[in-house]
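Reading through the structure tokens given below for one structure.
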Amino acid sequence: MSRVPRWLGRVGAGLSEMGERLDERRAEVEREEAEADAPPPPPQDVPADRPQPLAEHVTVVAHRPDPAQAVPWGVRVAAEAGWRLLVLAGTVWVLMRVISAVQLVVLAFVVALLITALLQPTVARLKGYGVPRGLATALTAIFGFVVLGLLGWFVTWQVMENIDDLSDQIQNGIDDLRDWLLKSPFHVTEKQINQISKNLADAVGANTDQITSAGLEGVQVVVEALTGILLTFFSTLFLLYDGRRIWEWTLKLVPAAARPGVAGAGPRAWRTLTAYVRGTVIVALIDAIFIGLGIYFLGVPMAVPLAVFIFLFAFIPLVGAVVSGALAVVVALVTQGVFTAVMALAVVLAVQQIEGHILQPFILGRAVRVHPLAVVLSVAAGGMVAGIGGAVVAVPLVAVTNTVVGYLRAYARETATAPQAAPASGPVAAPPAPGEGEAPETRREPPQPPASH
């Protein structure tokens, strides 16, 4: 029993000695760590403020540039312009799809605008004489559409009255043309002429189904034409009678920041459209009168209906004059012979030269001056999109757009150069709208800086 306490004493002494060693070792480790964390003292021969050399082993991490900065500047500019052009092209495509879906309504409204620009001075004159606005509008609209209807009826009547004589004259003219070709220095043989006639007959026979289907579709065309005429008539009535109120309602749809600029561009666009319509009517009337008189004195049949066609086709710039003049020359050729056709061609060319170099610059002036290339491209694009109606409205649309863009550019420049102008008290005065004419100069709000959000 005496050995057990001695064994326990030795074990306790060993554990105590081991604990003391562990405490000493822990103290040494803490001391070494404290010495390692403390900054080394500067050498005795080196001033303390001198920068110390860097450590021998320094890990350098390479800085990667922003990916957008790595793209060349030209590529970035092209990309920025490209996606904006894509958005713009998509917007235009959607707009054209919507317009093509309601093409009849759009054309009827645009034609109503053109007729309103033509008839509005008559309404203003009647109102100046004391006639109520409603009665003046009704009288002017009815008178205008009655005149157009009488012109259409007169042309149809003349064609129906002279169709038999014209067919005989055409047959005689074709025989005379055939004899002239046989005796001409072009060495045309009778076999070649018969072959051409046979080819024409075969072409007509091969397209009989298409011609028949076109005749069946004519009923739908007549219905659409009547619908368009009714829409044009009612649109013209409302534009003549209540044009200013319609314009004021349209201005409310424009954002407030852009409303002063749009309100100032409105009267200028209307003046451009009015000048274009009036000038085109005067030029077309002069063309029809002088070409009609020329072919009448040359003995060409149906000179008056041809003059009416020349008047109507003159509303299609460039293309209309060529088509109507060619029609008059062809009728003169097949009815009166080659000499009369050459003289008719001379009359048409002379009148068109006077129109292009004297009448249009003098009558239309600088208000609707559009580059000839823009006229050609706009007429071609309008014809491709909406046929004859699109070709008619293409040039006035381009002229109005040119005026509006020019004014808005000047307005933006004026606003940028005068940012300290104080806003005027009161709303912006509405410009004259369709049906109200060119009212006196309306009070316009001075330029204001863009509203800060």
Side-chain angles (χ1 to χ4, degrees), residues 98-127 129 131-157 217-250 266 269-270 273-282 284-285 288 305 308-309 311-316 320 382 385-397 400 432-438:
V98 172
I99 291 177
S100 62
V102 290
Q103 179 179 344
L104 181 63
V105 178
V106 174
L107 284 179
F109 182 75
V110 173
V111 173
L113 276 177
L114 298 178
I115 297 176
T116 302
L118 180 62
L119 298 181
Q120 184 275 326
T122 306
V123 176
R125 192 171 294 110
L126 290 176
K127 289 171 59 179
Y129 291 150
V131 181
R133 183 175 60 176
L135 182 59
T137 300
L139 290 177
T140 304
I142 292 174
F143 174 76
F145 281 95
V146 165
V147 170
L148 292 177
L150 288 176
L151 283 176
W153 170 81
F154 179 76
V155 170
T156 305
W157 173 66
E217 292 177 356
V219 178
Q220 182 181 358
V221 172
V222 171
V223 173
E224 292 182 354
L226 291 177
T227 305
I229 291 173
L230 290 176
L231 287 174
T232 303
F233 178 76
F234 284 108
S235 300
T236 304
L237 277 178
F238 284 110
L239 288 174
L240 287 174
Y241 178 76
D242 214 11
R244 178 176 291 276
R245 195 172 304 172
I246 295 173
W247 172 247
E248 291 175 353
W249 177 83
T250 306
W270 183 248
L273 182 63
T274 304
Y276 174 82
V277 174
R278 294 176 185 174
T280 304
V281 168
I282 295 174
L285 190 60
V308 174
F309 277 114
F311 173 79
L312 295 177
F313 275 87
F315 285 90
I316 306 176
V385 172
I388 297 178
V392 171
V393 303
V395 176
L397 179 62
V400 169
E436 295 294 335
E438 298 179 13

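- V400 has its side chain out of reach of W270: every pair of non-hydrogen atoms, C-beta onward, lies at least 4.5 Å apart.
- The nearest pair of heavy atoms linking G382 to A394 is CA-CB, 4.4 Å.
- No side-chain heavy atom of P132 sits under 4.5 Å from any side-chain heavy atom of K127.
- A distance of 4.5 Å separates CG in L126 from OG1 in T140, rounded to the nearest 0.5 Å.
- How far OG1 of T232 is from CZ of F109: 10.5 Å, rounded to the nearest 0.5 Å.
- Listed here is the closest heavy atom pair of A314 and A284: CB-CB, 3.3 Å.
- Between Q120 atom CD and L239 atom CG the span is 11.5 Å, to the nearest 0.5 Å.
- For F313, there are no ring-ring contact (aromatic ring centres under 6.0 Å, His included) partners, not counting sequence neighbours.
- Here the OH atom belonging to Y241 is positioned 15.0 Å from the OG1 atom belonging to T116, to the nearest 0.5 angstrom.
- For CZ of F233, the number of neighbouring non-hydrogen atoms (other residues, nucleotides, ligands) closer than 6.0 Å is greater than 12.
- Atom CD1 in I99 sits 9.5 Å away from atom CG in L107 (nearest 0.5 Å).
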When you look at F143 and V147, which way does the side-chain contact (heavy atoms from CB on, under 4.5 Å) test go after all the steps?
CA-CA 6 Å; F143 174 76; V147 170; 3.8 Å; yes
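- Summarising the geometry of L237 relative to A141, their closest heavy-atom pair is CD2-CB, 3.5 Å, with the distance given to 0.1 Å.
- Taking 4.5 Å as the limit, some side-chain heavy atom of R125 sits within range of a side-chain heavy atom of Y129.
- For the residue pair R278 and A117, the shortest heavy atom distance occurs at NE-O, 4.1 Å.
- Closest non-hydrogen pair, L273 versus P396, comes out as CD1-CB, 4.0 Å.
- When all heavy atoms of F311 and V281 are compared, the pair lying nearest together is CE1-O, 3.9 Å.
- We find the CD1-CG distance between I115 and L118 to be 8.0 Å, quoted to the nearest 0.5 Å.
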